[in-house]
Amino acid sequence: MAEKRRSGGGTVMPDSKSVKAESDKEFLSQAGVGVLLRDALLKLVEARSEDPIGFLAEHFSNLASESESGPVGGGGGDGGEQQENTVEEQQQLSRALWHLSLAHHSQRSAFNNNIRVAYDLLTQCGSLRHVPGGIQGRIYTEMLQCLCSEGGLSGTTAAPLLRRIRCHDYEAVPFELFRQGVQTCAAFTDYIRKSQCLYAAVASRPERPAERSLCRAVLATLEEALDTSHGADSARFLEASAKISPAKLAQAMAEVRAAGEQQEGPTMDAREFEDAAAALFIARVRVVI
């Protein structure tokens with residue numbers, strides 16, 4: 001009898017801990033937490049951020065912002081709808097820029113994936129959703145301007161490149177053109193930074209501009225490196241300044257000295273040098289017609 005009572009007629013009460021564990025797993029599965037964490041970790045690995053916690057916090061903040069953004073409403077008349085569209089465009093633009101910052105453009109596969117994510121975000125904006133053939137030229141140009149600005153380029157330096165690759169506001173920009181424009185701006189910002197380092201290398205004293213003869217020698221070496229870069233893709237031109245090794249730079253400077261150039265000759269300031277270096281790059285970028 002005692003054994004019967006102990007068995008409870010064959011009914012076994014489940015362990016409370018086991019029930020809770022199953023409930024927790026079901027909750028995580030239904031909420032898609034595993035997928036969210038996996039995607040976040042993959043993004044972190046791609047970006048290799050020096051601040052993983054800050055990176056993940058910004059990543060989830062962007063996801064939360066995207067999920068909170070509902071469809072554009074039309075309750076405020078044409079003016080209200082236009083204002084909401086503008087706000088949504090700026091939000092999507094910020095998110096697109098953030099995705100583009102997750103990987104350096106030299107990480108070709110990851111960067112191309114992020115370009116696709118950025119493009120898809122911009123095609124989902126309210127006023128851009130029904131543009132046939134791609135996103136509007138206006139938002140494309142604004143994206144390129146933001147990329148150059150966030151890359152540390154001044155408006156003066158970026159303007160000639162943007163004039164060369166921009167589209168008209170009313171034009172539709174397909175993905176391939178969008179990808180090329182983004183890659184070109186990303187490469188250009190790196191190229192300018194490397195050019196600034198080259199100028200610093202030939203400026204003997206920070207308080208005095210570099211000698212013009214030395215700057216011309218460096219620019220000629222840079223132009224040669226650009227001309228020997230393989231492929232028509234302007235993104236590959238970023239490798240040109242890296243090809244100028246310290247030994248090659250020193251050789252160019254020594255040749256100028258050997259040619260009898262004066263120690264204290266005419267000078268070239270950093271602004272002029274940067275403009276000249278930028279012109280070498282921009283001249284090799286294909287014009288968008």
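Positions are given from 1 along the sequence.
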Quiz prompt | Check against side-chain contact (heavy atoms from CB on, under 4.5 Å), Leu100 and Met143 | solution = CA-CA 11 Å; Leu100 292 176; Met143 162 67 79; 3.8 Å; yes
Self-check item: Residue pair Glu142 / Gln90, side-chain donor-acceptor N/O under 3.5 Å
Solution: yes
Quiz item: Among Ile115, Ile135, Thr123, Asp120, whose side-chain contact (heavy atoms from CB on, under 4.5 Å) with Phe175 holds?
Solution: Ile115
Quiz item: How would you list, by chain and number, every residue that makes a salt bridge (Lys or Arg N to Asp or Glu O under 4.0 Å) with Glu272, sequence neighbours excluded?
Solution: Arg212
Quiz item: Sequence neighbours excluded, which residues qualify as salt bridge (Lys or Arg N to Asp or Glu O under 4.0 Å) partners of Asp275?
Solution: Arg271
Exercise. Pick out which of Val202, Thr267, Leu198 makes a side-chain contact (heavy atoms from CB on, under 4.5 Å) with Cys215.
Key: Val202
Quiz item: If only atom types and distance count, is the side chain of Arg95 paired as donor or acceptor with the main-chain N or O of Leu121 below 3.5 Å?
Solution: no
Self-check item: Pair Phe281-Thr184, side-chain contact (heavy atoms from CB on, under 4.5 Å): steps then yes or no
Solution: CA-CA 10 Å; Phe281 182 101; Thr184 298; 4.2 Å; yes
Practice problem: Check whether any side-chain N or O of Ser149 sits under 3.5 Å from a backbone N or O of Gln145 as a donor-acceptor pair, and report yes or no. | Solution: no
Self-check item: Ion pair check, Arg284 and Glu223, cut-off under 4.0 Å
Solution: yes
Quiz prompt | Within-4.5 Å side-chain heavy-atom neighbours: Leu144 and Phe188 | solution = no
Practice problem: State, with a plain yes or no, whether a side-chain heavy atom of Tyr119 is found less than 4.5 Å away from one of Val182. | Solution: no
